[in-house]
Each structure stands twice: as C-alpha cells, then as structure tokens.
There are 2 protein chains.
Amino acid sequence: MNQPQQLIHTWVNFSKFHKRITHSLDYFLQQKYHLGLSEFYFMMFLNENSEKQLRLSQLQNMIGLSQSALSRLVSRLEQHHLKPVERASYAEDKRSVYAVLTPSGQKHINEIMNEVNNVLQQSLSEKDISNLKLFAE
Amino acid sequence: MNQPQQLIHTWVNFSKFHKRITHSLDYFLQQKYHLGLSEFYFMMFLNENSEKQLRLSQLQNMIGLSQSALSRLVSRLEQHHLKPVERASYAEDKRSVYAVLTPSGQKHINEIMNEVNNVLQQSLSEKDISNLKLFAE
DNA sequence: CTAACATAAATGCATGCGCATGCATTATTT
DNA sequence: AAATAATGCATGCGCATGCATTTATGTTAG
C-alpha cells in the first residue's frame, strides 16, 4: 500500500461525511415538506433573486443539474401542493422560460431555510462547521 | 438575511466542491474502464480484504448503498468485460452470498487505484488536500 | 429576405437508486 | 418436531438524473 493511495481513502471518508449530512437534509425535507434537496436549492436560488424569477438556463449553472433534470424539477414544483413555483414566459424572447417563486413559495422557503439550518447545526459538530468553512471560498 | 442561513450557503459551496471532484472521478472511470464510482469503491473494499471476498451484507455498510443497489452492483460487475467480480456461496450459511474479487479484478483494481489517485491529485489543489484530511478522522 | 446556424426548453430513452416485497434459509420458541 | 421469527438476498416498481434528439424561436451571413 503505497503513499499515493492514502489520498483515495481520505477522499472516501470525505465522501461518507458528505453523504451522511446530505441524507439528513434530504430526509428532513422529504418528511416535512415532500421536497428533495435539489428542489430546495432551486427555491433558495430563486428566492435570492430580487425579482424572484430566473430563466431555467441561468439556474442550470447555479444548481449543477442537467438541462433536462431542471426542466422536470420545475414541473414537479409546479405540481407540488404548496404551489411554490410557476413557469412564465415573455414576449422579449419566447424561447426562454422563467421559473417564478410564488408568494406561497417565498413564504415557505424562508421558513424551510431556517429549519434546514437547524438540521445542519444538529448534524454537524463545531469542528465540522469550521472545517466546512475552509471550502467556502 | 440573518446569520444562521450563512451555514446553508457554506454547505452549498461544500457540496459543489464534492460534486466537482466526484464528476472528475466518475468521468475518468467511465471513459477508461466503464466503471462507476460505486463499482470502483466496491472493488477497493473487496481488495482490502485479505481473502478478496466479502458478504454482500458486510459491503453494504462499508459502501453506504442500499441492499438492493448492492445486489445489482454485483450483477453489473459480473457482466463487466473485465470479469472482476463473481458471486459465491458456501454451505455454512446458504443465505449468504459472497462477492469475490477475481484475479483479473485484483490485477486491475491496483492499476485503477493508482490512476484514480492521479486524477485526484490533478483535481485538487494543495490546499484542498490539506482541507480534505481534516475530515479523515 | 432567405438559408443556415444558434439558443432554450421539452421529451424519449437508459441507468442507478431506494422502498417494498417475496423466497429461501437459519434461528428461536413452544 | 412444528411453528414462528429473523436474516440475506433478488426483484418489481417508481423516481431523479443524464444524454441525445426534437421543437420552437432568434440571430446572422449572403
């Protein structure tokens, strides 16, 4: 077992950590809101925009999903019982479709973000949190 | 935007980092060996065992996949052109199934680990690597 | 103005995953 | 020994995803 392969094991442990937290968040969102993590992120990004709407193609880069995955994500959110997101298109460019965070969506995403934050706090040690911040650059 | 929600954004950045590296590794493995990341991890864990074989239920905990996902992962590896893994069962407990790393599998996993390590080295900065190690505890 | 090309999103298809379930085997209880 | 429960794995099903293709619209070169 030579030196280099240590890096792989470091990576594997790192991935396990990531997976553990991801599952915590996903489980919480699924149980309480019937939302997946990607859907939550999606609503977060929309909410950060002052107009509460963005073109699908813009969101694609932010959220790191394929174009088709994003299109279907919006479809799911349109069907969701909270009706948090709607599609809209404008005459300026009829190719584009905007995802719009509805008033209901805006109300809920703020609440959800606070709760997700709590789940994070509970899932992470102080040490974890300070380690995490090293990557946030 | 209050303080707590900063933690979410830290987490999002962290996840993006994880995703970026994961894609690098997966892309490499897929292109060169027609293997997915889980399949690679699976072979790694098998290889670390001196007998080069483990029960599926043991691997389940190591690799963090569901039981069904694991069962199908082994099926895929049995079909793989390198024939790296076989199933075996013994009289001691006929319910159990062992995944066995074949000689071909053993030969290749060592080679692949070295290459994956190189991909990791190329994908990560020095700083990334030292940050990673903080989680490996 | 038209023909070619470019861009944005939707859709068909394949893959990998988890959940729920079923089958075979083993362990435990009566 | 028979009945019941637990264990280990395989399989049906549905979901989220990516790739390739299609459809609609916009842009540009001639």
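Throughout, protein chains are lettered first and strands after them, A, B, ... in sequence-line order, and every chain is numbered starting at 1.
Few gaps surround NZ on Lys16(A); more than 12 heavy atoms of other groups in view lie less than 6.0 Å from it. Sparse packing is recorded around CD of Glu126(A), with 12 or fewer heavy atoms of other residues, nucleotides or ligands lying under 6.0 Å away. For Gln31(A), the CD atom sits in a packed shell: over 12 heavy atoms of surrounding residues, nucleotides or ligands are nearer than 6.0 Å.
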Verdict with reasoning, Leu120(B) to Ser123(B), per side-chain contact (heavy atoms from CB on, under 4.5 Å): CA-CA 5 Å; Leu120(B) 270 180; Ser123(B) 305; 5.5 Å; no
Any chance you could lay out the side-chain hydrogen bond (donor to acceptor under 3.5 Å, both in side chains) test for Glu115(A) and Tyr33(A), step after step, and finish with the verdict? CA-CA 11 Å; Glu115(A) 298 187 62; Tyr33(A) 295 101; 2.4 Å; yes
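Looking at Gln106(B), its side chain does come within 3.5 Å of a backbone N or O of Leu101(B) through a donor-acceptor pair. No side-chain donor-acceptor contact under 3.5 Å links Asn49(A) to the backbone of Phe45(A). Ser75(A) places a side-chain N or O within 3.5 Å of a backbone atom of Ser71(A) that can act as its donor or acceptor partner.
Near DNA chain C, meaning a heavy atom under 4.0 Å from it, residues 72-87 of chain A has Arg72(A), Arg87(A) in order of number. Contacts with DNA chain D (heavy atom under 4.0 Å) in residues 56-64 of chain B: Leu56(B), Ser57(B), listed by number. The stretch residues 23-40 of chain B touches DNA chain C through Ser38(B), each having a heavy atom within less than 4.0 Å of the strand.
Residue contacts shown for Ser68(B) include a base, since a base heavy atom lies under 4.0 Å away. Within the 4.0 angstrom heavy-atom criterion, base atoms lie near Ser66(B). Leu65(A) comes within 4.0 angstrom of sugar-phosphate atoms only, judged by non-hydrogen atoms across all strands, and of no base.
With values rounded to the nearest 0.5 angstrom, Phe40(A) atom CZ is found 10.5 Å from Ile63(A) atom CD1. In this structure, Lys83(B) NZ and His81(B) NE2 are separated by 10.5 Å, a value rounded to the nearest 0.5 Å.
Listed by chain and residue number, Tyr98(B) satisfy the ring-ring contact (aromatic ring centres under 6.0 Å, His included) test with Tyr90(B) (two or more places apart in sequence, or in another chain).
First and last contacts of DNA chain D with chain A, using any nucleotide atom under 4.0 Å from a protein heavy atom and ordered 5' to 3', fall at dA16(D) to dG26(D).
Taken together through direct or relayed side-chain contacts under 4.5 Å among Ile, Leu, Val, Met, Phe, Trp and Tyr, Phe17(B) and Tyr27(B) form parts of separate hydrophobic clusters.
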Pairs under 3.5 angstrom, nitrogen or oxygen only, protein versus nucleotides 24-28 of chain C, please.
unit_1: dT26(C); atom_1: OP1; unit_2: Lys94(B); atom_2: N; d: 2.9
unit_1: dT26(C); atom_1: O4'; unit_2: Arg95(B); atom_2: NE; d: 3.4

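Between Gln30(B) and Leu35(B), every side-chain heavy-atom pair lies at or beyond the 4.5 Å cut-off. Side-chain contact check for Arg87(A) versus Val100(A): every heavy-atom pair is 4.5 Å or farther apart.
Of the residues near DNA chain D, Ala69(B) and Lys19(B), the one whose nearest nucleotide (by heavy atom distance) lies more toward the 5' end is Ala69(B).
Ring-centre distance between Trp11(A) and His18(B): below the 6.0 Å cut-off.
The distance from atom CD of Gln67(A) to atom P of dT7(C) is 14 Å, rounded to the nearest whole Å.
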